[in-house]
A.B. asks: 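Handing you a structure now.
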Amino acid sequence: MLEARNICLEVDAGDEPLFLLNEVNFCIPRGHFMAIVGPSGCGKTTLLKAIAGIKDITSGSFFWEGRDLAEDGDFEPYEIGYVPQFSIAYDELTVDESIENSAKLRVNASEDELNDIIDNVLAETGLTDIADRQVKLLSGGQKRRLALAMELVSGPRILLCDEVTSGLDPRSEREIVELLHELSMKDGRIVISVTHSLAQMELYDSIMVMHRGNLAYHGTPTAMCHYFSVNNFEEVYPQLACREPEEWSFSWLKHRLDYYKRLEKEHVRKFEARGEEPPAPSPRHESEEESLTYTPGFFSQMMTLLGRRFSIFFRDRGQLLLQIAMIIIFPIMVACFTSKGGYELTNLNGFDSQNVMEVARAMKTQAEENALIGSAISGIIMFQVILLGLMGSNNSSREIAGERLIMEKEKFAGVRPFAYVCSKVLFLSVLVLVQSLWMFLFVHFWWGVEMDLVNHLVFLLLANAAMTSVCLGISANTRTADQASLLSIYLVGFQLPLSGAVLALNKVLALITQPFISAYWAWSGSLSGVKKEYADVVDSIVQTEFASHNMSLIVLGIHIVVGIVLAYIGVRRTRWE
């Protein structure tokens with residue numbers, strides 16, 4: 001049984017508080033199918049999220065099977081299913097894969113047990129015949145069924161549905177409502193559906209009418225028209241406007257016992273018509289399949305998320321082609337500015353002349369040629385670093401922000417934030433490795449500068465990894481993917497001018513900005529592995545002081561760690577809207 005006692009949700013609205021929910025009381029037995037209806041902005045979704053624990057109530061208590069959810073612990077992830085208004089499935093996956101991933105993330109079971117769960121859920125929701133179809137090819141009604149199927153894998157005792165019939169044609173809407181009604185008859189499950197539509201009201205066991213945060217009615221569909229003194233359901237909303245919300249709430253409090261007695265009789269009659277006993281209240285963890293309901297461990301969740309991410313990556317042709325294009329084109333761009341084998345420094349060791357003018361001209365020529373070589377070496381290293389930074393930004397700027405709502409839903413279902421972040425880090429590490437290694441190999445095929453190749457590869461990897469990590473942190477802490485992309489682009493754009501590789505910065509400005517500019521540290525670290533003669537030439541033409549090899553390693557490592565920590569902090573924060 002689910003019971004609400006004096007539920008209030010208050011927000012600050014200036015001079016006086018605004019009650020999104022005001023003294024809401026109700027009681028719902030097991031095996032019950034209830035609709036929450038009311039005009040737009042009346043508090044339907046707010047109430048549903050308050051039940052789920054997504055929104056914190058100001059006062060009052062919810063009781064589930066006799067336990068106070070506020071004091072004795074909220075719903076366990078396997079006890080509750082929540083179907084939001086937005087899609088919780090990835091377009092690139094199939095129906096079967098979506099349900100399989102949901103099961104692996106939520107249910108701790110053997111492979112055979114998981115297969116049985118998936119098959120049963122497919123059959124229960126009528127999706128067996130389209131199990132191999134990609135989500136992006138599904139109709140609106142089929143997507144609603146899939147969302148329900150993904151919640152049913154854990155066998156929830158209470159199923160909350162937010163506008164799951166919105167936008168459907170009348171036939172599809174009725175089919176979904178009938179499916180929800182059937183789901184409420186199994187295992188004593190409570191199904192609560194928020195809907196704006198007043199069609200198919202006769203299929204619900206009870207209807208709760210909300211009006212500006214106040215409960216105006218909760219009873220059987222047959223008694224609702226009588227209570228509101230109207231001839232049909234469509235006249236209820238206009239009738240609500242005839243009285244203040246508090247008046248409807250007060251009226252309901254006076255009459256609710258009589259309507260609840262009728263509701264209880266109808267509830268018993270529903271099960272008797274099927275030759276069944278109404279489900280009795282159950283103690284916590286009563287499930288015979290209790291061993292299947294505990295949330296899988298960290299490693300299992302991480303590997304499931306990682307496998308899903310790679311599946312989506314290889315099926316998203318646009319993103320895959322963009323990655324291939326960058327990996328191929330960016331090194332070619334660097335090679336275009338690289339003169340193969342043309343980096344021989346000019347020296348005057350073999351020059352013998354007594355003519356002062358000739359010596360002066362030779363020294364001038366040497367300085368000019370060496371300056372060009374030094375400029376080219378510095379520029380090519382920085383060019384690689386900047387391009388890898390751009391790749392890193394593209395890798396991760398939308399990685400979390402672009403799927404935030406799905407992530408929030410999966411966290412609600414029991415996915416560990418740390419498992420989610422680790423799966424992202426592993427996936428992005430593969431991209432970083434491939435991009436950096438190919439950049440290194442391709443450019444050095446053309447380049448003739450003597451340097452420590454391992455050192456240069458390490459700093460190219462760190463340059464890419466640092467930008468990828470920081471942008472992942474940005475992605476986790478911004479509201480939208482567009483915001484994350486914009487901030488990440490700005491970050492890459494400031495790398496070159498603030499690195500000091502082209503124009504020396506003011507010492508004070510350099511002291512402030514350089515700790516945050518990964519390009520400067522990757523550039524300095526790479527130059528520390530260049531042959532001394534080349535490094536001296538670069539040093540002679542660049543006014544910015546190089547950082548040491550070890551300091552560059554340390555700072556880039558800090559960038560990577562800070563980015564991952566920021567990502568974890570952002571993922572842990574709950575942000576549904």
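Below, each value reflects all heavy atoms present in this structure, side chains not excepted, and no hydrogens, waters or symmetry copies.
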A.B. asks: So do Y217 and R256 actually touch side chain to side chain, heavy atoms under 4.5 Å?
C.D. replies: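 No. Closest side-chain heavy atoms not under 4.5 Å.
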A.B. asks: Is it true that a side-chain atom of T468 and a backbone atom of N464 form a donor plus acceptor pair closer than 3.5 Å?
C.D. replies: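 Side chain of T468 to backbone of N464, a donor-acceptor pair under 3.5 Å: yes, one is there.
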A.B. asks: Side chain to side chain donor-acceptor pair (under 3.5 Å), that's the test. Do S172 and E175 meet it? Break it down for me.
C.D. replies: CA-CA 5 Å; S172 298; E175 289 176 349; 4.7 Å; no
A.B. asks: Got I51 and F62 here, is their nearest side-chain heavy-atom distance under 4.5 Å?
C.D. replies: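 Side-chain contact under 4.5 Å: yes.
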A.B. asks: To the nearest 0.5 Å, what is the distance between OH on Y259 and CE on M224?
C.D. replies: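 With rounding to 0.5 Å, OH (Y259) is 11.5 Å from CE (M224).
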A.B. asks: Give me the atom names and distance for the closest heavy-atom approach of I99 to A149.
C.D. replies: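 Nearest pair, atom of I99 first, then A149: CD1-CB, 3.7 Å.
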A.B. asks: Rounded to the nearest 0.5 Å, what separates atom CD1 in I130 from atom CG in D96?
C.D. replies: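 The CD1 atom of I130 sits 11.5 Å away from the CG atom of D96.
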A.B. asks: Just verifying a value: how many Å separate L180 CG and F33 CZ, rounded to the nearest 0.5 Å?
C.D. replies: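 Nearest 0.5 Å value for the CG-CZ distance: 4.5 Å.
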A.B. asks: Return the orientation label for the H32 and H267 ring planes: parallel under 30°, perpendicular over 60°, tilted otherwise.
C.D. replies: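 The rings of H32 and H267 sit tilted, inter-plane angle from 30° to 60°.
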A.B. asks: Rounded to the nearest 0.5 Å, what separates atom OG in S396 from atom CZ in F427?
C.D. replies: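 The OG atom of S396 sits 10.5 Å away from the CZ atom of F427.
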A.B. asks: Among R308, R404, R416, K104, whose salt bridge (Lys or Arg N to Asp or Glu O under 4.0 Å) with E410 holds?
C.D. replies: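 Exactly one option meets the salt bridge (Lys or Arg N to Asp or Glu O under 4.0 Å) with E410, and it is R308.
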A.B. asks: Any side-chain to backbone donor/acceptor pair from T46 onto L20? Under 3.5 Å, distance only.
C.D. replies: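 Checking the backbone N and O of L20 against the side chain of T46, no donor-acceptor pair under 3.5 Å is found.
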A.B. asks: Should we count CD of E264 as having more than 12 external heavy atoms under 6.0 Å?
C.D. replies: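 For E264, atom CD is not crowded (no more than 12 foreign heavy atoms under 6.0 Å).
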A.B. asks: Indicate the atoms forming the closest heavy-atom contact of T220 with R262, along with that distance.
C.D. replies: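 That would be OG1-CD, 4.1 Å.
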A.B. asks: Is the shortest side-chain N to carboxylate O distance from E202 to R174 below 4.0 Å?
C.D. replies: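 A salt bridge is present here (some side-chain N lies under 4.0 Å from a carboxylate O).
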A.B. asks: Looking only at heavy atoms, what is the nearest atom pair of G43 and L21, with distance?
C.D. replies: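 Scanning both residues, the minimum pair turns out to be O-CD2, 3.9 Å.
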A.B. asks: Given side chains that start at C-beta, do those of Q200 and T165 come closer than 4.5 Å, heavy atoms only?
C.D. replies: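 SC-SC contact between Q200 and T165 ruled out.
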A.B. asks: Is there a side chain to side chain contact (heavy atoms under 4.5 Å, CB included) between S485 and S397? Walk through the geometry before answering.
C.D. replies: CA-CA 5 Å; S485 294; S397 62; 3.7 Å; yes
A.B. asks: Where does the angle between the aromatic ring planes of F442 and W438 fall among parallel (under 30°), tilted (30 to 60°) and perpendicular (over 60°)?
C.D. replies: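 Plane angle between 30° and 60°, so tilted.
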A.B. asks: Assess, by modelled atom type and distance only, whether the side chains of D162 and T45 contain a donor and an acceptor separated by less than 3.5 Å.
C.D. replies: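 Side chains of D162 and T45: pair found under 3.5 Å.
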A.B. asks: Is it true that a side-chain atom of R315 and a backbone atom of E92 form a donor plus acceptor pair closer than 3.5 Å?
C.D. replies: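 Side chain of R315 to backbone of E92: a pair is present.
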A.B. asks: Return the minimal non-hydrogen interatomic distance between T304 and N101, and the atom names on each side.
C.D. replies: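 Answer, listing the atom of T304 first, then N101: CG2-OD1, 3.4 Å.
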A.B. asks: Would you find a donor on one side and an acceptor on the other, under 3.5 Å apart, between the side chain of K143 and the backbone of S87?
C.D. replies: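 Such a contact is absent between K143 side chain and S87 backbone.
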A.B. asks: Would you say the side chain of M34 lies within less than 4.5 Å of the side chain of Y204, judging by non-hydrogen atoms?
C.D. replies: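 No - every pair of side-chain heavy atoms lies 4.5 Å or more apart.
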A.B. asks: So T478 and I474, do their side chains get closer than 4.5 Å, heavy atoms only?
C.D. replies: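 Yes - at least one pair of side-chain heavy atoms lies under 4.5 Å apart.
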A.B. asks: Ring-plane angle category for Y237 and H196, please: parallel below 30°, perpendicular beyond 60°, tilted otherwise.
C.D. replies: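 Ring orientation of Y237 relative to H196: tilted.
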A.B. asks: For R575 and E408, run side chain to side chain contact (heavy atoms under 4.5 Å, CB included): C-alpha distance rounded to whole Å, both residues' side-chain angles, the deciding distance at 0.1 Å, then the answer.
C.D. replies: CA-CA 7 Å; R575 186 182 288 166; E408 293 292 349; 4.0 Å; yes
A.B. asks: What is the minimum heavy-atom distance between I400 and A567, and which atoms define it?
C.D. replies: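 Looking at all heavy atoms of both residues, the closest pair is CD1-CB, 4.5 Å.
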A.B. asks: With salt bridge (Lys or Arg N to Asp or Glu O under 4.0 Å) as the test, would you mind laying out the steps for R398 and E403 before giving the verdict?
C.D. replies: CA-CA 8 Å; R398 306 178 72 89; E403 57 184 37; over 6 Å; no
A.B. asks: Determine whether V415 and L305 make a side-chain contact, defined as any pair of heavy atoms from C-beta on separated by less than 4.5 Å.
C.D. replies: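 Yes. Closest side-chain heavy atoms under 4.5 Å.
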A.B. asks: So, S139 versus Q142: side-chain donor-acceptor pair below 3.5 Å or not?
C.D. replies: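 Yes, side-chain donor-acceptor contact under 3.5 Å.
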A.B. asks: Could you check whether atom CZ of F418 has more than 12 heavy atoms from other residues, nucleotides or ligands sitting under 6.0 Å from it?
C.D. replies: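 12 or below, so no.
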A.B. asks: Under a 4.0 Å N-O cut-off, is there an ion pair linking R144 with E163?
C.D. replies: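 Looking at R144 and E163, the cut-off is not met.
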A.B. asks: Please examine the side chains of Q323 and M391, heavy atoms only from C-beta on, and report whether any two atoms are closer than 4.5 Å.
C.D. replies: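 Counting from C-beta outward, M391 and Q323 never come under 4.5 Å.
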A.B. asks: When you check the side-chain N and O atoms of E100 and N115, is any donor under 3.5 Å from an acceptor?
C.D. replies: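 No - no donor-acceptor pair under 3.5 Å links their side chains.
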A.B. asks: Please assess E272 against R269 for the test salt bridge (Lys or Arg N to Asp or Glu O under 4.0 Å), listing each intermediate value before the final yes or no.
C.D. replies: CA-CA 5 Å; E272 288 178 345; R269 190 177 296 119; 6.0 Å; no
A.B. asks: Ignoring hydrogens and angles, tell me if any N or O in the side chain of D68 forms a donor-acceptor pair with the backbone of A70 under 3.5 Å.
C.D. replies: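 Yes, because the side chain of D68 sits within donor-acceptor range (under 3.5 Å) of the backbone of A70.
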A.B. asks: Give a yes or no on whether a salt bridge exists between E79 and R67, defined as a side-chain N under 4.0 angstrom from a carboxylate O.
C.D. replies: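 Yes.
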A.B. asks: With a 4.5 Å limit on heavy-atom distance, are the side chains of S311 and L93 in contact?
C.D. replies: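 Yes. Closest side-chain heavy atoms under 4.5 Å.
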A.B. asks: Quick one: does any side-chain atom of Q301 pair with a main-chain N or O of G414 as donor and acceptor, under 3.5 Å?
C.D. replies: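 Flag set: sc Q301 to bb G414 pair under 3.5 Å.
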A.B. asks: Where do S393 and C471 come nearest, in terms of heavy atoms and distance?
C.D. replies: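 So the two residues come closest at CA-SG, 3.7 Å.
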A.B. asks: Show your reasoning for whether salt bridge (Lys or Arg N to Asp or Glu O under 4.0 Å) applies to K424 and E399.
C.D. replies: CA-CA 8 Å; K424 294 298 184 184; E399 190 66 24; 2.9 Å; yes
A.B. asks: Examine distances only and state if a side-chain atom of N25 and a backbone atom of N6 form a donor-acceptor pair shorter than 3.5 Å.
C.D. replies: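 Yes; at least one donor-acceptor contact below 3.5 Å.
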A.B. asks: Classify the side-chain pair Y90/E97 by whether it contains a donor and acceptor separated by less than 3.5 Å.
C.D. replies: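 Looking only at side-chain atoms, E97 and Y90 do not form any donor-acceptor pair under 3.5 Å.
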A.B. asks: Below 4.0 angstrom, N of the basic side chain to O of the carboxylate: do R157 and E65 qualify?
C.D. replies: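 Result for this pair is no, no salt bridge flagged.
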A.B. asks: I need the D74 CG to E76 CD distance, nearest 0.5 Å.
C.D. replies: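 So the gap between those two atoms works out to 9.0 Å.
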A.B. asks: Check the pair E173, R171 against salt bridge (Lys or Arg N to Asp or Glu O under 4.0 Å), reporting the backbone distance first and the verdict last.
C.D. replies: CA-CA 5 Å; E173 180 181 350; R171 178 180 176 181; over 6 Å; no
A.B. asks: Kindly compute the distance separating CG (L431) from CG (N394), expressed to the nearest 0.5 Å.
C.D. replies: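 L431 CG to N394 CG: 9.0 Å, rounded to 0.5 Å.
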